Amino acid sequence: MEDAVAGMPERETKPAAGDLEVLEGVIERTVFHAPESRWTVLRAKVAGEVALVTLVGRSAGIEDGADFSAHGRWAVHATHGRQFAFEALKLRRPTTAAQIAARLRTYPGIKEVMAERIVKRFGTDTLDVLDREPRRLLEVTGLGDKTLASITEHHEQRQGPVVELENRLLELEVSPRLADALNQRYHDQAMAMLEHHPYRLARDVRGIGFQTADKIARALGVDLESNERVDAGLLHTLEKAQSDGHCALPPAQLLDDARKILRLPAPLLDAGIDRLINEGELIPRLRPPGSEPDELYFLRRFDEAEDNLVASLLELACTPREPWEVGELPEHLSPGQRRAVEAIASSGVAILTGGPGTGKSTVVANVIEVAKRAGAALLLAAPTGRAAKRLEQTTGESASTVHRLLEVRPDTGEFSYCANNPLPDGLVVIDESSMLDLELAEALITALTVNNRLLLVGDADQLPSVGPGNVLRDLIRAAEAGASSPIPVVRLDTIFRQQEGSTIVGNAYRVLHGQPLAPDEASRGSAGEFFFLRASDAERTHAKIVEMAAERIPSAFGFDRVSEIQVLCPMHKGQAGTEAFNRALQQAYTGEREGLDAPGPRGEGGRTFRLGDRVMQIRNDYERNVFNGDIGVVTRIVANAGMLTVNYDGHFATYGRNELGALRLAYAISIHKSQGSEFPAVLIPMLTEHHVMLRRNLLYTAITRARRLCVIVGDLRAIERAVRQADAALRWTGLAERTLALLEASAEAGVGVQALELD
DNA sequence: TAAAGCAG
């Protein structure tokens, strides 16, 4: 996105290596103009050329008869012959009153008389008036609102400041689409900002990041060692660290990463860090004594988010409140489950964590009963649509995504419910809270008041959130470390669901505790449930998994190969990735059947869904009641109508050909996508070529998806590597430390946390 | 160096 140069002329016309030239002349006529792509073909009179010259390139529309100057190269087109491919086309601004009047006559609704009157009123400033204060045209007698509207529209489209910006961006070899954003942000200062403060753009304008700003600056010849560039590069480094889940960086890592981006010596970067700290853009935070590293640098945004989250959470947790009457709980609840229900009945905040099958939903169901008896309203939510739907199904109460609970505004990304407009009173239950990132958790928790209670439910050992932060793990760590923590944490580890003694669960626990796997002996045959098959490379892994899925597992264990067997991959690409498995298994299972082609992105096509295929929905669809991650089977295809029906566990959804982008083949899916689902039989390729993905919680998540059979195929070294990579420390955050610090401070002061000022 | 959530 940031580097979007889509639409640059060189994509359409490969210039025959001509030199960059400037061509000037007069437009004779427009041969072709596509308004949305702005692809334009013009014929023009040029001094020194006998015949009319063909000009091609991207431009806003241009009037016939206009003076132009174009930067570009001569090229020879296979069918259209010699032409001038321009990179930038500028209308030369008319300078004399007569030229301006001539230009105005080409505007819709302006005839000769009106053009004269306008020029008489504003003289050679006319075009500037049109650019900056078009309403002044109303000063001209006989010119009303309607004409004004059509003039300004036409002017902006063909001639206004946006077009000038577009042309300048084209010259700088950056996407002209950014012109609108620039104009909206800076108005008549836009050109000046672009020319003189390109790095400001990265901070101010959505859609412009450091890379684009840097490109502009280089084209402008800005000093590569300038303070502006250094500061922008440092901030960009911290922004980028987000995508690896970090809320902050250790100083050494910030320096290291920034040096790779800026390619400047360390002293310059150190000076930049000092500047940013002085400006308050970068916040250094000391970590507890003995920590390595002893300091983290936060972007202001994340520093504030962590502070706000902790302050609101502890206010919620420390405010004394009337306990709910728990009453008689069902006999079958384990001691842990009872403790969990009692915890939230007497606290403002409680955390419930445990692996799959440990009975979290039973606790939630009982908590809801207790809350209802106490007359509390219910606000149930989860970070994903699918988890919300599941929560709804298991509780029988309505639930939504956290985004919908807070009423996100899609244009701004802001939430209607916030500290100034808090959520209604009642019990808030968040399921799958391991998927809460820092900013969503902050938004949620700051939108609560002391009239809410919050129960966070989740498996802290699963994959961390997409966004930055490790919220659930951090909060658990802080709550468990504080001697008299006001936030009770209940860990469920008793296995229900007839899994006691299961080697799948046993091995999942081994992974969690960093121990080597203990697979079943293959000789025990169908009695076992957890196997490892050695395969030396991706080809052999691929072949083994296909054979296991298509033949051996169905025949030896009786599983249905389409509906009960799931291949789970660390990655999409490669022979041991989801794409290769989906191609092979589709070919094997439904290759001969009738299918429906999904129009692929940009016509590259090639995705076909066939009758009987296992498919997954990949975005939330509230109309069809199908959610991101739902898996079903294609049960009906009407090829001539372009219709396809999927059976999602008894719920049917029909798609038109143009809606097939919401579907993907699902014989194999990524481990990330499998989070929150379980399957009777699971096949997992694990190879050293997956090394970038190999983490303890990735392997744990994959194994715990299996209910009755789990087979890992690949390289033992890859498994060992995954087991060794414990993830917790790989995300830099300060949430746990801040929570602990605030708890200690309040204990020392002997007051409730709400009375403490945060610095 | 790869994977992934939400919203209309």
Side-chain angles (χ1 to χ4, degrees), chain A residues 206 240-246 253 256-257 260-261 381-391 399-417 430-444 447 458-459 462-472 538 568-574 576-580 616-624 626-630 659 661-662 664 668-677 684-702 705 718 721-722 725 727 730-731:
Chain A
R206 229 170 115 170
K240 232 176 48 143
Q242 263 189 86
S243 63
D244 292 327
H246 304 304
Q253 194 175 338
D256 228 44
D257 293 356
K260 283 179 199 136
I261 291 167
T384 69
R386 225 166 87 73
K389 185 172 79 172
R390 237 187 2 251
L391 186 57
S400 71
T401 63
V402 177
H403 283 85
R404 289 197 148 199
L405 178 71
L406 299 176
E407 294 185 359
V408 66
R409 304 218 185 102
D411 42 341
T412 58
E414 283 173 8
F415 296 103
S416 302
Y417 289 107
I430 306 295
D431 201 3
E432 297 284 1
S433 25
S434 60
M435 294 160 99
L436 284 177
D437 63 35
L438 172 61
E439 287 170 307
L440 189 59
E442 184 215 359
L444 171 73
D459 182 355
Q462 290 200 28
L463 298 167
S465 56
V466 171
N470 225 337
V471 175
L472 185 63
L568 294 180
C569 306
M571 299 192 196
H572 293 304
K573 300 280 176 207
T578 60
E579 291 168 11
M616 179 169 66
Q617 168 86 17
I618 57 165
R619 35 181 179 266
N620 292 342
D621 184 335
Y622 292 90
E623 245 168 62
R624 288 185 177 80
V626 180
F627 296 88
N628 190 353
D630 283 352
E659 296 161 331
R664 219 187 252 171
I669 64 176
S670 66
I671 297 172
H672 276 86
K673 273 277 184 204
S674 75
Q675 173 132 294
S677 305
I684 308 165
M686 278 277 145
L687 291 166
T688 45
E689 68 175 53
H690 298 137
H691 66 275
V692 286
M693 296 303 299
L694 298 180
R695 299 281 147 71
R696 186 178 288 182
N697 46 12
L698 187 85
L699 183 56
Y700 169 80
T701 301
R705 300 308 97 201
R721 186 178 185 130
Q725 287 291 348
D727 202 20
L730 294 181
R731 287 189 166 203

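First the proteins, then the strands, lettered A, B, ... as listed; each starts at 1. The figures here come from the full heavy-atom set of this structure, side chains too, leaving out hydrogens, waters and symmetry mates. Because the structure is predicted, anything quoted here is derived from the model rather than measured.
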* Would you tell me if any nitrogen or oxygen in the side chain of A:K673 comes within less than 4.0 Å of OP1 or OP2 on B:dG5? => yes
* Asked: Hey, does A:F627 reach any base, or is it just sugar-phosphate, or nothing, if we go heavy atoms under 4.0 Å?
  -> nothing
* To do: Ignoring the backbone of A:V692, work out which of B:dC6, B:dG5, B:dA2 is nearest its side chain.
  => B:dA2
* To do: Report the distance from atom CD of A:Q675 to atom C1' of B:dA3, rounded to the nearest whole Å.
  => 12 Å
* Could you say whether A:G467 or A:V408 is positioned toward the 5' end of DNA chain B, judged by the nucleotide with the nearest heavy atom to each? => A:G467
* Asked: Considering only side-chain heavy atoms of A:T401, which listed nucleotide, B:dC6, B:dT1, B:dA4, is closest?
  -> B:dC6
* To do: Please tell me which of the listed nucleotides, B:dA2, B:dA4, B:dA7, lies nearest to the side chain of A:M571?
  => B:dA2
* Taking only side-chain nitrogens and oxygens of A:Y622, does any of them come within less than 4.0 Å of OP1 or OP2 of B:dG8? -> no
* Asked: So, is A:R404 close to the B:dA7 phosphate, meaning a side-chain N or O under 4.0 Å from OP1 or OP2?
  -> yes
* To do: Send over the distance from A:N470 CG to B:dG5 P, rounded to a whole Å.
  => 18 Å
Residues 399-408 of chain A, side-chain donor-acceptor partners within the protein, below 3.5 Å, at least two apart:
{"unit_1": "A:T401", "atom_1": "OG1", "unit_2": "A:R404", "atom_2": "N", "d": "3.0"}

* Structure fact -> Heavy atoms of A:L698 and A:P570 approach each other most closely as CD2-CB, 4.0 Å
* Measure distances between side-chain N and O atoms of A:D244 and base N and O atoms of B:dA3, and say whether any donor-acceptor pair falls under 3.5 Å. => no
* Asked: Is there a side chain to side chain contact (heavy atoms under 4.5 Å, CB included) between A:L440 and A:F415 once you walk through the steps?
  -> CA-CA 10 Å; A:L440 189 59; A:F415 296 103; 3.9 Å; yes
* OP1 or OP2 of B:dG8 under 4.0 Å from side-chain N/O of A:H403 -> no
* For DNA chain B, whose closest nucleotide is more 5', that of A:P570 or that of A:N628? -> A:P570
* Which part of the nucleic acid, if any, lies within reach of A:S434 when heavy atoms closer than 4.0 Å are counted: base, sugar-phosphate only, or nothing? -> nothing
* Asked: Taking atom CG of A:L694 and atom CE of A:M571, what is their separation to the nearest 0.5 Å?
  -> 7.0 Å
* Stepwise side chain to side chain contact (heavy atoms under 4.5 Å, CB included) check, A:Q725 with A:L730 -> CA-CA 9 Å; A:Q725 287 291 348; A:L730 294 181; 3.8 Å; yes
* Asked: Base, sugar-phosphate, or nothing for A:D437, non-hydrogen atoms under 4.0 angstrom?
  -> nothing
* Mind checking A:H690 for me? I need base, sugar-phosphate or nothing, with any heavy atom below 4.0 Å counting as a touch. => nothing
